[in-house]
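Here's the structure, in structure tokens; my notes come after.
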Number of protein chains: 2
Amino acid sequence: MRIGELAQLTETTPRLLRYYEKQGLISPRRAANGYRDYDDYLVDRVLQIRGLLDSGLPTRIIKQILPCLGTPRTIHFADATPEMLATLESETERMTRRIECLTHNRDAIREYLGVVKSLSEPVREPVARVFEPSA
Amino acid sequence: MRIGELAQLTETTPRLLRYYEKQGLISPRRAANGYRDYDDYLVDRVLQIRGLLDSGLPTRIIKQILPCLGTPRTIHFADATPEMLATLESETERMTRRIECLTHNRDAIREYLGVVKSLSEPVREPVARVFEPSA
DNA sequence: CTGGACCTTGACACGTGTGTCAAGGATAAA
DNA sequence: TTTATCCTTGACACACGTGTCAAGGTCCAG
């Protein structure tokens with residue numbers, strides 16, 4: 001498929017797809033006329049990239065972990081240098097820390113929302129109520 | 001405490017602490033001489049901010065969710081406008097998506113690392129081995 | 001009192017991800 | 001054939017988080 005279609009399917013823009021390519025995240029073929037030609041599996045790939053970017057990982061890291069994310073699983077031994085493995089290991093640790101942080105804070109927000117709702121729900125008719133701000 | 005001490009305790013820099021203040025994330029008192037004076041609880045606060053920033057949340061969002069994160073729990077009804085609550089709700093959803101993305105990809109990397117290790121571990125003596133790159 | 005360590009504000013600069021625009025080529029439909 | 005739509009590359013610009021530096025104030029130890 002061409003760049004516009006992939007952009008629509010992944011809710012991105014052609015601009016970004018070209019940027020990801022320049023960062024080495026995707027490498028589409030070229031048609032005879034010079035147009036980029038994307039395989040179908042790149043839809044998932046791009047969505048994966050978007051998710052990771054949104055989760056705080058820079059393209060430099062995403063580029064390194066992408067070989068681990070293939071489906072079907074293809075192990076690239078050429079990439080598996082000791083330094084590379086160490087990078088991956090430390091990166092999974094950072095990801096774990098991020099997951100913990102996000103989970104903890106999300107749950108705190110949920111609890112907050114739960115309390116606020118439980119206080120406002122019982123009001124069934126337009127009743128005058130005054131909430132004193134705690135500050 | 002003063003800015004330098006807080007910076008050390010949170011592994012940041014005075015520069016960043018002033019930046020977070022300008023973004024409205026923290027509001028230290030001022031001593032008579034103009035120096036910022038930070039309460040102890042701000043250590044955790046700053047660590048929280050750092051974690052969220054590293055997880056992809058912008059200061060604009062962090063500022064909005066910080067009131068939910070107080071310990072002990074202090075509900076600020078003044079902040080609980082309907083739009084605010086909607087923002088928080090949609091933000092928890094984004095956080096959930098981030099968590100899922102990070103977890104999924106972290107586990108994929110772990111599996112990859114597991115396979116690579118299981119293939120290289122059995123080598124106990126320096127044996128000549130050739131791994132054909134899959135590319 | 002002087003030196004050093006710390007604080008203040010303000011400015012300039014950088015990397016990264018993204019938006020937008022210009023100038024031109026490819027292609028398909030009227 | 002013209003027109004519209006898509007593609008190409010390249011450039012300029014922006015927001016954001018961060019580093020660094022300058023010029024000066026505060027304070028403590030020697």
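Chain identifiers are assigned alphabetically (A, B, ...) following the order of the sequence lines, protein sequences preceding nucleic acid strands; residue numbering begins at 1 within each chain.
- Of the residues in residues 46-53 of chain B, none lies under 4.0 Å from DNA chain C by heavy-atom distance.
- At distances below 3.5 Å, not a single donor-acceptor pair connects side-chain atoms of B/Arg98 with backbone N or O atoms of A/Leu102.
- The existence of a salt bridge linking A/Arg94 and A/Glu91 is confirmed by a sub-4.0 Å separation between a basic side-chain nitrogen and an acidic carboxylate oxygen.
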Pair up each side-chain donor or acceptor in residues 13-23 of chain B with any protein partner under 3.5 Å, not counting sequence neighbours, and list the distances.
{"unit_1": "B/Thr13", "atom_1": "OG1", "unit_2": "B/Leu16", "atom_2": "N", "d": "3.3"}
{"unit_1": "B/Tyr20", "atom_1": "OH", "unit_2": "B/Arg50", "atom_2": "NH1", "d": "2.6"}
{"unit_1": "B/Glu21", "atom_1": "OE1", "unit_2": "B/Arg36", "atom_2": "NE", "d": "2.6"}

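- Judged purely by atom type and a 3.5 angstrom limit, B/Asp37 uses its side chain to pair as donor or acceptor with the backbone of B/Met1.
- In this structure, CD1 on A/Ile61 lies 11.0 Å from CG on A/Leu52, to the nearest 0.5 angstrom.
- Between C/dT8 and B/Arg36, a contact under 4.0 Å exists linking OP1 or OP2 to a side-chain N or O.
- Side-chain atoms of A/Asp39 never come within 3.5 Å of backbone atoms of A/Tyr41 as a donor-acceptor pair (strictly under, hydrogens ignored).
- The CD atom of A/Glu100 sits 10.5 Å away from atom OG of B/Ser55, with the distance rounded to the nearest 0.5 Å.
- Residue contacts for B/Pro58: at a heavy-atom cut-off of 4.0 Å it reaches the sugar-phosphate backbone alone, with no base atom in range.
- The distance from atom OH of B/Tyr19 to atom P of D/dA15 is 12 Å, rounded to the nearest whole Å.
- Considering CG of B/Leu66 and CD1 of B/Ile26, their distance stands at 9.5 Å, rounded to 0.5 Å.
- The two atoms that bring B/Lys63 and B/Gly24 nearest to each other are CG-O, 4.0 Å, heavy atoms only.
- Phosphate contact (OP1/OP2 of C/dT16, side-chain N/O of A/Thr59, threshold under 4.0 Å): absent.
- As rounded to whole Å, 18 Å separates atom P of C/dA5 from atom CD of B/Glu5.
- Residues forming a side-chain contact (heavy atoms from CB on, under 4.5 Å) with A/Leu113 (at least two apart in sequence, or on another chain): A/Ile109, B/Leu85, B/Leu88, B/Glu89.
- Of the candidate nucleotides C/dC7, D/dT9, C/dT18, C/dC7 has the atom lying nearest to any side-chain atom of B/Arg2.
- Computed from coordinates, the A/Leu16 CG to C/dT20 C1' distance equals 12 Å when rounded to whole Å.
- Using a 4.0 Å heavy-atom distance criterion, B/Arg60 is classed as making no nucleic acid contact.
- Regarding B/Met1, its CE atom lies at a distance of 16 Å from the P atom of C/dC6, rounded to whole Å.
- Following rounding to the nearest Å, A/Leu17 (CG) and C/dG17 (P) show an atom-to-atom distance of 14 Å.
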Below 3.5 Å is the cut-off: list the nitrogen or oxygen pairs between protein and nucleotides 22-26 of chain C, distance only.
{"unit_1": "C/dG25", "atom_1": "N2", "unit_2": "A/Tyr35", "atom_2": "OH", "d": "2.8"}
{"unit_1": "C/dA26", "atom_1": "O4'", "unit_2": "A/Tyr35", "atom_2": "OH", "d": "3.3"}
{"unit_1": "C/dA26", "atom_1": "O3'", "unit_2": "A/Asn33", "atom_2": "ND2", "d": "3.3"}

Please tabulate the protein-to-nucleotide N/O contacts below 3.5 Å involving nucleotides 28-30 of chain C, giving atom names and distances.
none

Review item, nucleotides 10-13 of chain D N/O atoms under 3.5 Å of protein N/O:
none

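- Contact annotation: A/Thr13 side-chain N/O to C/dG19 OP1/OP2 distance is under 4.0 Å.
- Here the CD atom belonging to B/Gln48 is positioned 11.0 Å from the CG atom belonging to B/Leu25, to the nearest 0.5 angstrom.
- To the nearest 0.5 Å, the span separating CZ on B/Arg106 from CD1 on A/Ile65 amounts to 12.0 Å.
- What separates CZ of B/Arg29 from C1' of C/dC7 is a distance of 16 Å, to the nearest Å.
- The neighbour count for A/Arg30 CZ, taken as heavy atoms of other residues, nucleotides or ligands under 6.0 Å away, is above 12.
- We find that CD of A/Glu11 is positioned 14 Å from P of C/dT18, with the value rounded to whole Å.
- One can place CD of A/Glu21 at 13 Å from P of D/dC7, the figure rounded to the nearest angstrom.
- The CG atom of B/Leu6 sits 6.0 Å away from atom OG1 of B/Thr12, with the distance rounded to the nearest 0.5 Å.
- Look at A/Arg30 and you'll find a side-chain N or O under 4.0 angstrom from OP1 or OP2 of D/dT9.
- Counting only heavy atoms from C-beta on, A/Ile3 has its side chain closest to D/dT8 among C/dT8, D/dT8, C/dT18.
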